[in-house]
Trainee: 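Below you will find the structure I want to go over with you.
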Amino acid sequence: MVKLTGYKKIKTAVFISGNGSNLKSLIKFSKTRKSPITINLIITNNPKAKGLKLGKINKIKKKSFNFKKKNIENQVLSVLKKHEIKMICLAGFMKVLSKNFITKFRGKILNIHPSLLPKYKGLNTHQRVLSNNEKYSGCTVHFVNSKLDSGKIILQKKVKITKNETKKSLAKKVLEQEHKLYPQAILKVFSL
Ligand code: GRF
């Protein structure tokens with residue numbers, strides 16, 4: 001029998017700042033046959049990020065950087081190079097990357113945002129959605145460009161806002177969809 005060993009999977013780094021539930025879903029996806037990526041590195045600006053424990057469990061290298069430091073992005077870039085990283089998934093990463101950094105990975109950085117972009121860019125999305133009495137919210141995976149939450153949209157998923165919806169219940173509902181949407185968006189990027 002001829003074993004169809006295929007193409008090389010794309011080495012990917014996931015950038016996180018907190019819980020890492022999207023990182024968890026990406027790791028799970030990356031272990032499936034159909035995944036075009038492997039996750040080889042986890043980068044954070046927060047050495048206390050809960051999501052870092054996923055690195056240990058899954059034997060993925062982790063690196064923490066103080067993004068307040070001058071020229072830190074050059075250090076990040078050299079670590080990415082060392083690990084032959086070709087793609088970056090931002091997943092709850094609370095720092096804005098510079099134009100210079102983004103240019104180095106043009107078209108290769110994705111982000112997930114908990115709203116139906118272009119609506120509700122930035123922070124505190126769920127509260128703003130509820131205050132505006134929206135009927136729907138959702139999540140978006142998009143390419144990252146130099147403007148916050150503004151790059152080309154890859155995929156979106158809508159959720160209905162119910163009566164008595166709270167910030168917490170909406171966040172939970174949207175997050176569940178995020179976990180499905182990010183892998184789907186990655187598959188879409190590789191089929192484009
Ligand atoms: C998600 O809602 C993501 O869209 C936003 O931050 C949250 C991160 O959650 N950017 P987690 O760390 O992946 O659990």
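Counting starts at 1 for both ligands and their atoms, following the listed order. Computed over heavy atoms, backbone and side chain alike; hydrogens, waters and symmetry mates excluded.
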Trainee: Of Ile154, Val189, Leu155, which meets side-chain contact (heavy atoms from CB on, under 4.5 Å) against Gln184?
Mentor: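 One option only clears the test, and that one is Leu155.
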
Trainee: Hey, are His126 and Ser137 close enough side-chain-wise for a donor-acceptor pair under 3.5 Å?
Mentor: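 His126 and Ser137 do not have a side-chain donor-acceptor pair below 3.5 Å.
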
Trainee: Do Thr166 and Ser169 have side-chain atoms, one donor and one acceptor, less than 3.5 Å apart?
Mentor: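 Short answer, yes.
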
Trainee: Any side-chain donor-acceptor pair under 3.5 Å between Asn45 and Ser17?
Mentor: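 Present: a donor and an acceptor within the cut-off.
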
Trainee: With atom 10 (N) of ligand 1 as the reference point, say which of Ile112, Thr125, Leu123 has the nearest heavy atom.
Mentor: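 When every heavy atom of Ile112, Thr125, Leu123 is considered, Ile112 comes closest to atom 10 (N) of ligand 1.
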
Trainee: Tell me, which protein residue and heavy-atom name are nearest atom 3 (C) of ligand 1, and how many Å apart are they?
Mentor: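 Nearest neighbour among protein heavy atoms for atom 3 (C) of ligand 1, to 0.1 Å: Glu178 OE1, 3.2 Å.
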
Trainee: May I ask you to list the atoms of ligand 1 that are less than 4.0 angstrom from any heavy atom of Leu175?
Mentor: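 Near Leu175, the atoms of ligand 1 are 1 (C), 2 (O).
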
Trainee: Taking Thr12 for the side chain and Ile10 for the main chain, is one N or O donor matched with an acceptor at less than 3.5 Å?
Mentor: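 Judged by distance alone, yes, a pair lies under 3.5 Å.
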
Trainee: Starting from atom 12 (O) of ligand 1, what is the nearest protein heavy atom, named by residue and atom, and what distance separates them?
Mentor: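 Sorting protein heavy atoms by distance from atom 12 (O) of ligand 1 puts Gly20 N, 2.8 Å first.
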
Trainee: Measure from atom 11 (P) of ligand 1 to every heavy atom in Gly51, Ser21, Gly18, Gly92 and give the option owning the shortest one.
Mentor: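 Result: the heavy atom closest to atom 11 (P) of ligand 1 is in Ser21.
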
Trainee: So that I can tick it off, tell me whether Glu73 and Lys104 are bridged by a salt bridge, with the cut-off set at under 4.0 angstrom between side-chain N and carboxylate O.
Mentor: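 Salt bridge flag = no for Glu73 with Lys104.
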
Trainee: Within a distance under 4.0 Å of any heavy atom of Pro114, pick out the atoms of ligand 1 and give their elements.
Mentor: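 So the answer, numbered in order with elements, is 2 (O), 4 (O), 5 (C).
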
Trainee: Using a strict cut-off of 4.0 Å, indicate which atoms of ligand 1 neighbour a heavy atom of Asn19.
Mentor: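 This gives 12 (O), 14 (O) as the contact atoms.
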
